[in-house]
Every structure is written in C-alpha cells, then in structure tokens.
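Notes follow once the structure below has been shown.
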Amino acid sequence: MSLDPQVAAFLALANDAPPPASLADLRAATETGLRQLHGPLEDVASIRDYVLPGEHALTVRAYVPAGADTGKPLPAIVFAHGGGWCLCSLDLYDNPCRALANATGCVIFSVDYRLAPEHKFPVPLNDFYSALCWVAQHGAALGIDVNRLAVGGDSAGGNLAAAAALMARDQAGPALAHQLLLYPALDFAFDTPSYQRYAEGHSLTREAMRFCWSAYLNEPADGAQPYAAPLRSTSLKDLPPATVLVCEYDPLHDEGEAYARYLRDDGVAAQCVQLDGMIHASMHMLGLTPAARGLFDVAGKAMRQALAA
C-alpha cells in the first residue's frame, strides 16, 4: 500500500526541517512536535498518579477508561512509552494512553521510567519491571483483576514490555495474561530489509536508531543480552501470548514480524498485524490522519479478546 496521504504530506515538511543541535533540543522538539499530532483529548473516567516507594520516586499514572464498571475489578495494562529510551515523557503520552484505555477497556498504568543516557540499561527496564510488580501486588487496592494483567509499550517501550515479560518468566514474577507490542524495537541490529528500505525519509531513520541504542546501552556488547534485545533470547517458551503491531513504512517493521514468528515457533500464541500505509510512532497521529485510529482498533479488539472476564 502507498503511504497514507496525510502522513506523506507530514513527511514532506518534516524531512526539510534541520536536525536538533543537542539532546536537550531533541527532547524539546519531540515533546512539541508529537503533541501537535495528537488531536482532541479523549475523555476517560479518571486519571490518578501513584508514587511508588523506594530510593527513586517512580511515578505511575493510571487511566480508567470511559464508561468502565468500576464496581468490579478491571483488566489492566502496565505501559511503557516510546522515545528511544532517551526521549518522551509521561505527560506527552497523556492522550495516547487515554485513547488506549478507551479502546481496550483496560486500566492503563503508564510508567515514568528514568531515561537514558543519564540512566542506561538496565535502569529503565528495572524501573518498568518494578512498576509492573507493584501493580500486580496492589491489584485489589487499584481496582484491577491481576489475572487479567498485561504489559504493553510502543517502540522502545515495546522493548521494555517484551523484556519485562522475559524477566517475569525468569524470575517467577507477575503472571501475565498478554503482551501488547506496538512497533517494538527488539534487536540491536540495523541490517533487516526494512532497515534498508526505510533507512531515511520516513521519520524514524537508521541513524536515529543507532543514536538511541547508543544512548541506552553501556557498551555494544549489552546488545547481545536478551533483556536489552529480546529477539536475541535463546528461548521464548512460556511467555504470555502476544499481539505485535508493525507499521508498513518503518525500519523496525521486520524485527516485530520476526519476534511474533519466534514466539509462535516456541509455542506461544502470537499475532502480528501490519498497519498499512503508516510510519513509526503512529500512536501519536490521531490528529494527523484517520488511519491512525487503526492502531487503537486492532489493539482494542486484541486486548478485549485476550483479557475477557
């Protein structure tokens, strides 16, 4: 399928913009630029911040979907935002998390994990996993059904969600019902056909991903560790079922497909759905193109089926 017309027009303007001069400038430009694509705020039933106890004051923001029957425990997704482990914020993901809560019928627990390069691997992952364990341990007080608990994330957040599922399996952690991986970054490699096709000109570039991985990892050797690059795992057996969404015009397209295939080969139920005509970060594009709603439609259907009472 050809690029979505609104996305193509957006890229034509974005590709002419000069690159930010520093990480601080890149962070600011990302916060501003993505927010402009969000469209109107979606209403939800409630939003509440929790600050987890511990040496680091880790914030988790809970979104209860509109129309939810809060008289009974609800399904939940502990969610990691994207941004190459070094960009984006809890606030930037406010509207995407509202939309995800409403689409899935789940309480979304969005985790404000610490960012690289100030906090390199495995700090962001450990923060996310700590939040997952806290949510699982406090299910009754949070109004959720821990038997219908999933992990999710987009891009680098999809990496953290997949790695947290591996950690939960390996460390006898929370029993997870599903993993929702939205155009995830899963391998420390830049040589797939989709990396070659979309190395430049489609928003996320190969050089940008090289930068993000270098910000996250302490050294290149870390990229061989499955908790850093889940596609490098020697086994995916006994992981929770997965829904993997990939964007057609995305350098990360092929590693998402490969991970779903690997899961199935190891006996894990996994589906991979391509978002036709879309580019990376489409979770942020509800205000740019009607086609962006497709991500929430697919995720919503998958999670409602996976986490049905």
For Thr205 and Tyr198: C-alpha separation, side-chain torsions, deciding distance, then whether side-chain contact (heavy atoms from CB on, under 4.5 Å) applies.
CA-CA 7 Å; Thr205 66; Tyr198 309 122; over 6 Å; no
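- Of the charged side-chain nitrogens involved, none lies within less than 4.0 Å of a carboxylate oxygen, so that Arg261 and Asp265 do not count as a salt-bridged pair.
- No side-chain donor from either of Ser110 and His81 sits under 3.5 Å from a side-chain acceptor of the other.
- Ala156 approaches Gly84 most closely through the heavy-atom pair CB-N, 3.6 Å.
- Of all the heavy atoms in Ala291 and Met278, the pair that sits closest is CB-SD, 3.8 Å.
- Of all non-hydrogen atoms in Ala150 and Leu307, the two that sit nearest each other are CB-CD1, 4.3 Å.
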Going through the distances and angles, do Glu42 and Leu286 end up as a side-chain contact (heavy atoms from CB on, under 4.5 Å)?
CA-CA 11 Å; Glu42 292 200 18; Leu286 286 172; 4.1 Å; yes
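- Here the CG atom belonging to Asp4 is positioned 10.0 Å from the CG atom belonging to Leu11, to the nearest 0.5 angstrom.
- Here the closest heavy-atom approach between residue Arg27 and residue Cys86 is recorded as NE-O, 2.8 Å.
- Residues Leu245 and Leu181 fall into different hydrophobic clusters, defined by Ile, Leu, Val, Met, Phe, Trp and Tyr side chains chained together at heavy-atom separations under 4.5 Å.
- At distances below 3.5 Å, not a single donor-acceptor pair connects side-chain atoms of Ser282 with backbone N or O atoms of Met285.
- To the nearest 0.5 angstrom, Asn218 atom CG is 9.0 Å from Gln225 atom CD.
- Surrounding CZ of Arg210 are more than 12 heavy atoms belonging to other residues, nucleotides or ligands, all under 6.0 Å away.
- Residue His253 is tested with Gln274, Arg197, His280 for a side-chain hydrogen bond (donor to acceptor under 3.5 Å, both in side chains); the sole match is Gln274.
- With hydrogens and angles disregarded, no donor-acceptor distance shorter than 3.5 Å links the side chain of Ser233 to the backbone of Pro230.
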For Arg98 and Ile47: C-alpha separation, side-chain torsions, deciding distance, then whether side-chain contact (heavy atoms from CB on, under 4.5 Å) applies.
CA-CA 9 Å; Arg98 289 168 180 252; Ile47 300 173; 3.4 Å; yes
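- When all heavy atoms of Ala116 and Lys120 are compared, the pair lying nearest together is CB-CA, 4.4 Å.
- Aromatic ring pairs are classed by plane angle as parallel below 30°, tilted from 30° to 60° and perpendicular above 60°; the pair Phe79 and Tyr93 is tilted.
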Kindly indicate, with the supporting measurements, whether the criterion side-chain contact (heavy atoms from CB on, under 4.5 Å) is fulfilled by Val151 and Phe128.
CA-CA 10 Å; Val151 287; Phe128 181 71; 4.2 Å; yes
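- In this structure, Asn159 contributes its side chain and Ala229 its backbone to no donor-acceptor pair below 3.5 Å.
- Contacts of Glu200 classified as salt bridge (charged side-chain N to carboxylate O under 4.0 Å, His left out), with partners at least two apart in sequence or in another chain: none.
- The backbone N or O of Asp254 lies less than 3.5 Å from a partner atom in the side chain of Ser194, making a donor-acceptor pair.
- Using a distance-only test at 3.5 Å, with no hydrogens or angles considered, no donor-acceptor pair links the side chain of His202 to the main chain of Pro251.
- Evaluation of the salt bridge (charged side-chain N to carboxylate O under 4.0 Å, His left out) rule for Asp49 yields Arg61 as partners, not counting sequence neighbours.
- With no hydrogens or angles considered, no side-chain donor-acceptor pair links Tyr63 and Asn102 at under 3.5 Å.
- With sequence neighbours excluded, the residues that form a side-chain contact (heavy atoms from CB on, under 4.5 Å) with Gln305 are Lys301.
- A donor-acceptor pair under 3.5 Å is absent between the side-chain atoms of Asp266 and the main chain of Ser235, judged by distance alone.
- Pairing each heavy atom of Pro240 with each of Gln179, the nearest pair is O-NE2, 3.1 Å.
- Side chain of Glu31 to backbone of Ser89: a donor-acceptor contact under 3.5 angstrom is found.
- Between the side chain of Arg114 and the backbone N or O of Leu58, no donor-acceptor pair lies under 3.5 Å.
- Annotation: Trp134 is in aromatic contact with Tyr50 [ring centroid separation under 6.0 Å].
- Within the 3.5 Å criterion, the main-chain N or O of His284 finds no donor-acceptor partner in the side chain of Arg35.
- Between Tyr259 and Tyr262, the ring planes lie perpendicular to each other; the angle is over 60°, past the 30° to 60° tilted range.
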